[in-house]
Amino acid sequence: MEPLLYARQRAKTWFVAHEVYLLPVIKFLLMMIILLVMNWHLGYRYVMMRWVLVILASLVSCLLPWSGMTAVAALYLLGHVSALSWEGAVVLGAMMFIAMMLHYLFLPGGSFLIVLVCLASYLKVPFLVPLLAGIFGSALSFLPVGIGVMIYYTMLSLEQNATYLLDAGNGISDCFLQILGTLQGDSKMILTLLVLCLTALIVYGLSHLAVDYARLIAVGTGGILILLLFILGGFLFNVSVSYMNVLGGCVFCSALAAAASFWGDIVDFSRPEYLQYEDDEYIYYVKAFPKVGLVEPERKVKEINSRREGRSGRREAH
């Protein structure tokens, strides 16, 4: 275990020392992946698929905060969708407006979770984001997770109805009814929305309990909860669910989330400390656990004089 802890300590120290350079590079690569996935699935405006524009948007994003990156991704998405259907762009724009209000009113800094949910869903790892949001986020992290699910399924609906929406013979009201009707009747979206939001909320609650190994317990419980809720919801909502894919996704995403929790603060549960102090009204009994923070021992180099120097020293002594 100690080699892993030393490697973790070295990695964190190295990242903090070079954070000024590494963080923009991470933002650049992440935004480029987001835009490339968007171009692959929603490449309706060919101008926005050019590499020059993708690289330029990624370079601009690496200088912005995370909420600014969310805005760039939203504008890029609306640019593609508006080429397909202005009605679809209006529906997505309304969802993004709600997300912006929630961001500024309830959860500052959490809007990028919406983008991550959509990206993870396209990469076939949708369960990873609610697990990480529950561990590292706040109690309201389920809100951007839910909005991300809705936006993802809206994008799928637009892809499925692309032929209908591009038909010039269909009126504006028909297009609106087609989009909203598809979303309203999408039981899988409702099931996924409920499962991921509930998972994020429960994982957050379990990870903050005063028990040993709370984060690992929360991750394991979250993975099991996702599987059970999809099995139960598949019967209740009459949704066809690939249970083997859900099982594999739960195991894989839970393993990734457990590995990610390793890079947070590690607590040594084998050395509890009991403290007692009081004020004018209460006596407090506290059970505390120390954080594991290893410091690599300094290597001492011992100099050994040569044989010739030793002989000369003896002669001088005589």
Side-chain angles (χ1 to χ4, degrees), residues 26-27 29-38 41 61 65-67 69-74 77 95-96 98-100 102-103 106-156 188-208 215-216 218-230 233 241 245-264:
I26 293 172
K27 288 182 175 181
L29 295 176
L30 184 58
M31 180 54 70
M32 179 171 285
I33 293 172
I34 292 169
L35 297 183
L36 290 177
V37 170
M38 203 179 297
H41 290 276
S61 299
W66 294 105
S67 57
M69 294 177 64
T70 306
V72 172
L77 175 60
M95 292 183 181
M96 292 175 184
I98 295 173
M100 183 181 66
L102 292 174
H103 165 66
F106 301 106
L107 196 63
S111 60
F112 198 68
L113 282 174
I114 301 172
V115 183
L116 292 181
V117 169
C118 296
L119 178 63
S121 298
Y122 275 117
L123 297 179
K124 307 303 180 183
V125 285
F127 310 142
L128 180 60
V129 178
L131 293 176
L132 294 179
I135 295 174
F136 299 107
S138 67
L140 296 177
S141 296
F142 71 94
L143 292 175
V145 169
I147 294 175
V149 172
M150 294 177 63
I151 290 178
Y152 168 70
Y153 277 94
T154 303
M155 293 160 63
L156 285 184
K188 191 173 183 180
M189 181 193 73
I190 298 174
L191 176 60
T192 306
L193 176 68
L194 294 175
V195 171
L196 296 192
C197 289
L198 191 59
T199 300
L201 191 59
I202 291 178
V203 169
Y204 171 82
L206 292 177
S207 64
H208 288 77
R215 284 185 173 178
L216 293 179
V219 170
T221 305
I224 296 173
L225 182 67
I226 291 172
L227 179 60
L228 294 179
L229 288 178
F230 267 108
V241 179
N245 290 340
V246 174
L247 176 61
C250 290
V251 173
F252 181 70
C253 293
S254 298
L256 289 180
S261 67
F262 174 77
W263 296 98

Novice: When rounded to the nearest 0.5 angstrom, what distance separates CG in L143 from SG in C197?
Specialist: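 Atom-to-atom, L143:CG and C197:SG are 7.5 Å apart.
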Novice: Could you check whether any side-chain heavy atom of V117 comes within less than 4.5 Å of a side-chain heavy atom of P144, counting everything from C-beta outward?
Specialist: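 They are not in side-chain contact.
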Novice: Hey, would you say the Y122 and Y152 ring centroids sit under 6.0 Å apart?
Specialist: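 Yes, the ring of Y122 comes within the 6.0 Å limit of the ring of Y152, centre to centre.
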Novice: Is it the case that Y204 and S141 place a side-chain donor and acceptor less than 3.5 Å from each other?
Specialist: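 No donor-acceptor contact under 3.5 Å links the two side chains.
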Novice: So, for I226 and C250, which heavy atoms are closest and what is the spacing to 0.1 Å?
Specialist: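 Looking at all heavy atoms of both residues, the shortest contact is CG2-SG, 3.6 Å.
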Novice: Quick one, T154 and M95 - any side-chain contact, counting heavy atoms below 4.5 Å?
Specialist: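 Answer yes - side chains close enough.
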Novice: Do the side chain of S254 and the main chain of V251 share a donor and acceptor less than 3.5 angstrom apart?
Specialist: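 Pair absent, no side-chain N/O of S254 close to backbone of V251.
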Novice: Taking the side chain as every heavy atom from C-beta outward, state whether V241 and L191 have any atom pair closer than 4.5 Å.
Specialist: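 They are in side-chain contact.
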Novice: Check whether any side-chain heavy atom of P126 lies under 4.5 Å from a side-chain heavy atom of T192, and answer yes or no.
Specialist: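 Answer no - side chains too far apart.
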Novice: Is any side-chain heavy atom of V246 closer than 4.5 Å to one of F127?
Specialist: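 Yes, close enough: below the 4.5 Å cut-off.
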Novice: Grab the two heavy atoms, one from A257 and one from L132, that are nearest each other, plus how far apart they are.
Specialist: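 Distance-wise, the nearest heavy atoms are CA-CD2, 3.9 Å.
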Novice: Compare every heavy atom of S261 with every heavy atom of F136, then report the nearest pair and how far apart it is.
Specialist: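 Nearest pair, atom of F136 first, then S261: CZ-CA, 3.8 Å.
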Novice: Within this structure, what is the CD1-CG distance for the pair I151 and L156, rounded to the nearest 0.5 Å?
Specialist: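 Reported to 0.5 Å precision, the distance equals 12.5 Å.
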Novice: Enter the distance from L119:CG to M38:CE here, rounded to the nearest 0.5 Å.
Specialist: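 One finds 9.0 Å between CG of L119 and CE of M38.
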Novice: Tell me, with the steps shown, if F230 and V195 meet side-chain contact (heavy atoms from CB on, under 4.5 Å).
Specialist: CA-CA 7 Å; F230 267 108; V195 171; 3.7 Å; yes
Novice: For V145 versus A133, what's the shortest heavy-atom pair and its separation?
Specialist: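 Reported closest heavy-atom pair: CG2-CB, 4.4 Å.
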Novice: Can L77 and M96 be said to form a side-chain contact (heavy atoms from CB on, under 4.5 Å), step by step?
Specialist: CA-CA 11 Å; L77 175 60; M96 292 175 184; 3.3 Å; yes
Novice: At their closest point, which heavy atom of S61 faces which heavy atom of M31, and how far apart are they?
Specialist: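 Closest heavy-atom pair between S61 and M31: OG-CG, 3.4 Å.
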Novice: Using the side-chain contact (heavy atoms from CB on, under 4.5 Å) criterion, which residues pair with L29? Sequence neighbours excluded.
Specialist: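 So L29 forms a side-chain contact (heavy atoms from CB on, under 4.5 Å) with V25.
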Novice: Using 0.5 Å steps for rounding, measure from the CH2 atom of W66 to the NZ atom of K27.
Specialist: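 NZ of K27 is found 5.5 Å from CH2 of W66.
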Novice: Please give me the minimum heavy-atom distance between V219 and A258, naming the atom from each residue.
Specialist: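 Scanning both residues, the minimum pair turns out to be CG1-N, 4.1 Å.
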Novice: Rounded at 0.5 Å granularity, tell me how far CD1 in I224 sits from CG in L247.
Specialist: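 Rounded to the nearest 0.5 Å, the CD1-CG separation comes out at 10.5 Å.
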Novice: Would you give the length of the straight line joining atom NZ of K188 to atom CG of L193, rounded to the nearest 0.5 angstrom?
Specialist: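 Result: 14.0 Å between the selected atoms.
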